[in-house]
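Let me begin by presenting the structure, written as structure tokens, before commenting on it.
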Amino acid sequence: TITASTEMVKVQLVFGNSSPVDYELNRDVSLKNHVEHICSLFAVSQNKSMYTLLLEPSLLYLSDQNLLSSSFDIPHHSQLRLKLLPSYEADTVIDSLKLKDKKTIFELKVKLKDAIFATEFIRRGGFSIIVSLIQETSGNTLAYALSALDASMGYG
């Protein structure tokens, strides 16, 4: 049973490469309302329903259920990252990988530490794209692709 929490938690918000912003997270407010407000704070012009909040460094996504749950701890001064929902992020990463974007290939190993993202990435054919990159690249790009393949092996 979920019990309502009246707790206000002081957190720091980050988005992209922005500096952290102090924010009071009211645990009685829906995740959707928080995300919409936070998107406005960071002047996000995309559809706000494409975004969510990730508790770092634990890589746990906030939900209405865990916001209301007194057993889900959000320590004061935690960092929350505004980011694309894993399904949208996986689509974006796959599109960049198809273009052989070296920065995306380099960052993929880190992104694959997020199990929810990894599942969405593999579900959308990401594993075969990594294999194609391994076959078609060389040097550092090949090394990054091999690292991404190794990171993805636990989710297949």
Side-chain angles (χ1 to χ4, degrees), residues 1-97 101-124 126-127 129-130 140 143-156:
T1 302
I2 298 173
T3 57
S5 166
T6 58
E7 182 180 358
M8 295 286 285
V9 181
K10 292 182 180 190
V11 297
Q12 290 195 315
L13 303 172
V14 290
F15 176 66
N17 295 323
S18 68
S19 297
V21 174
D22 291 332
Y23 184 76
E24 286 197 9
L25 183 77
N26 181 340
R27 294 190 65 163
D28 293 327
V29 173
S30 73
L31 178 62
K32 178 184 177 193
N33 287 343
H34 279 299
V35 168
E36 287 176 358
H37 182 248
I38 293 166
C39 282
S40 297
L41 287 175
F42 287 109
V44 172
S45 59
Q46 289 178 299
N47 182 344
K48 293 169 179 53
S49 67
M50 295 171 49
Y51 286 86
T52 192
L53 293 172
L54 180 72
L55 180 61
E56 293 185 331
S58 65
L59 298 179
L60 294 173
Y61 289 92
L62 294 190
S63 67
D64 286 329
Q65 185 175 4
N66 59 28
L67 273 175
L68 289 173
S69 173
S70 59
S71 65
F72 183 80
D73 186 38
I74 303 174
H76 284 283
H77 308 293
S78 295
Q79 193 167 62
L80 294 178
R81 178 166 300 277
L82 178 68
K83 62 181 290 180
L84 285 171
L85 286 163
S87 56
Y88 291 109
E89 185 177 16
D91 289 340
T92 301
V93 167
I94 285 173
D95 289 346
S96 294
L97 290 176
D101 179 70
K102 289 182 181 184
K103 182 179 178 191
T104 303
I105 298 168
F106 175 73
E107 295 172 345
L108 185 56
K109 179 180 178 182
V110 173
K111 289 183 181 294
L112 288 167
K113 289 180 181 179
D114 175 347
I116 296 172
F117 167 80
T119 301
E120 292 294 331
F121 177 78
I122 291 168
R123 182 178 302 151
R124 287 166 164 70
F127 191 79
I129 292 171
I130 294 172
N140 287 342
Y144 301 145
L146 286 166
S147 293
L149 177 67
D150 184 50
S152 68
M153 295 301 283
Y155 302 106

Quiz item: Under the side-chain hydrogen bond (donor to acceptor under 3.5 Å, both in side chains) test, which residues partner Ser63, sequence neighbours left out?
Solution: Asn66
Exercise. Please assess Phe42 against Val21 for the test side chain to side chain contact (heavy atoms under 4.5 Å, CB included), listing each intermediate value before the final yes or no.
Key: CA-CA 9 Å; Phe42 287 109; Val21 174; 3.9 Å; yes
Exercise. Apply side chain to side chain contact (heavy atoms under 4.5 Å, CB included) to Ser49 and list each qualifying residue two or more places apart in sequence or on a separate chain.
Key: Asn47
Listed pairs under 3.5 Å, donor-acceptor, residues 113-120 side chains, sequence neighbours left out:
residue: Asp114; atom: OD1; partner: Ile116; partner atom: N; Å: 3.0
residue: Asp114; atom: OD1; partner: Phe117; partner atom: N; Å: 3.2
residue: Asp114; atom: OD2; partner: Tyr61; partner atom: OH; Å: 2.2
residue: Thr119; atom: OG1; partner: Ala115; partner atom: O; Å: 2.9
residue: Glu120; atom: OE1; partner: Arg124; partner atom: NH1; Å: 2.3
residue: Glu120; atom: OE2; partner: Arg123; partner atom: NH1; Å: 3.0

Quiz prompt | Nearest atoms (heavy-atom pairs only) where Val9 meets Pro75 | solution = CG1-O, 3.9 Å
Quiz item: Do Gln46 and Tyr88 come within less than 4.5 Å of each other through their side chains, counting heavy atoms only?
Solution: no
Quiz item: Where do Leu55 and Ser78 come nearest, in terms of heavy atoms and distance?
Solution: CD1-CB, 3.6 Å
Exercise. Please list, chain by chain and in numerical order, all residues satisfying side chain to side chain contact (heavy atoms under 4.5 Å, CB included) with Ser147, sequence neighbours excluded.
Key: Lys109
Quiz prompt | Gap between atom CG of Leu54 and atom CG of Leu80 - 0.5 Å precision | solution = 8.5 Å
Quiz prompt | side chain to side chain contact (heavy atoms under 4.5 Å, CB included) between Lys111 and Phe121, intermediate numbers included | solution = CA-CA 10 Å; Lys111 289 183 181 294; Phe121 177 78; over 6 Å; no
Quiz item: So which heavy atom on Ala145 is nearest to which on Ile105, and how close?
Solution: N-CG2, 3.8 Å
Self-check item: Reported CG-to-CD distance for the pair Leu67 and Gln65, which is rounded to 0.5 angstrom
Solution: 10.5 Å
Quiz item: Which distance, rounded to the nearest 0.5 Å, do you find between the CD of Gln79 and the CG of Leu53?
Solution: 12.0 Å
Practice problem: Only pairs at least two apart or in different chains count here, so list each salt bridge (charged side-chain N to carboxylate O under 4.0 Å, His left out) that has a residue in residues 9-26. | Solution: none
Quiz item: Residues two or more places apart in sequence or in another chain: which of them pass side-chain hydrogen bond (donor to acceptor under 3.5 Å, both in side chains) with Glu56?
Solution: Arg81
Exercise. With sequence neighbours left out, write down each residue that passes side chain to side chain contact (heavy atoms under 4.5 Å, CB included) with Asn33, or none if nothing qualifies.
Key: Val29, Ser30, Glu36
Self-check item: Interatomic distance, Leu84 atom CG to Thr92 atom OG1 [nearest 0.5 angstrom]
Solution: 5.5 Å
Exercise. Provide the full list of salt bridge (charged side-chain N to carboxylate O under 4.0 Å, His left out) pairs with a residue in residues 43-55, sequence neighbours left out, each pair given once.
Key: none
Quiz item: In Å, rounded to the nearest 0.5 Å, how long is the span from OG of Ser152 to CG of Leu108?
Solution: 7.5 Å
Exercise. Just jot down the side chain to side chain contact (heavy atoms under 4.5 Å, CB included) partners of Asn140, sequence neighbours excluded, or say none.
Key: Tyr144
Quiz prompt | Any residue meeting ring-ring contact (aromatic ring centres under 6.0 Å, His included) with Phe72, in chain and number order, not counting sequence neighbours | solution = none
Exercise. Hey, could you give me the CG/NE2 distance between Leu82 and His34, rounded to the nearest 0.5 Å?
Key: 12.5 Å
Exercise. For Ser19, enumerate each residue passing the side-chain hydrogen bond (donor to acceptor under 3.5 Å, both in side chains) test, keeping only those at least two apart in sequence or located in another chain.
Key: none
